[in-house]
Amino acid sequence: MRSPLRHTLPGVSLAGLLLLGMVLWTGLLLQSFGAVLGAAAICCAAAVAQTLALLTHAGGPHWIALFVNGTAALVQAVLVCGLLGRVTAHR
């Protein structure tokens with residue numbers, strides 16, 4: 001008998017978890033480079049967005065996690081490129 005929560009594609013749950021791991025790891029990387037507020041703001045905004053989406057039943061929980069974690073990972077990647085992609089003058 002199939003569970004009613006199994007209305008997702010096979011890899012959606014795994015992809016959401018991998019993106020969550022990327023968000024957490026990138027948040028730690030940003031904190032080590034001094035961008036504590038940026039990393040915390042992105043993680044808190046993602047948590048609020050996911051909570052609101054789940055409370056309003058905007059979609060399936062796995063799809064919501066995939067979208068929110070993917071968006072947070074993309075925003076953090078942009079922040080990392082902005083911080084670490086600067087050209088420095090070495091002497």
Hydrophobic cluster membership, [X] vs [Y], 4.5 Å side-chain cutoff:
| X | Y | answer |
| --- | --- | --- |
| L79 | L84 | yes |
| L19 | V12 | yes |
| V80 | L83 | yes |

Can you give the donor-acceptor pairs under 3.5 Å from side chains of residues 66-75 to other protein atoms, not counting sequence neighbours?
| unit_1 | atom_1 | unit_2 | atom_2 | d |
| --- | --- | --- | --- | --- |
| N69 | ND2 | G16 | O | 3.2 |
| N69 | ND2 | A65 | O | 3.1 |
| T71 | OG1 | F67 | O | 2.8 |

Residue pair Q76 / T26: nearest heavy atoms and the distance that separates them: OE1-CB, 3.3 Å

Hydrophobic cluster mates of L14, side-chain heavy atoms under 4.5 angstrom, ILVMFWY only, any path? L18

Which pairs of donor and acceptor atoms, one on a side chain in residues 30-56, lie under 3.5 Å apart (sequence neighbours left out)?
| unit_1 | atom_1 | unit_2 | atom_2 | d |
| --- | --- | --- | --- | --- |
| S32 | OG | L29 | O | 2.7 |
| T51 | OG1 | A47 | O | 2.8 |
| T56 | OG1 | L52 | O | 2.9 |
| T56 | OG1 | A53 | O | 3.4 |

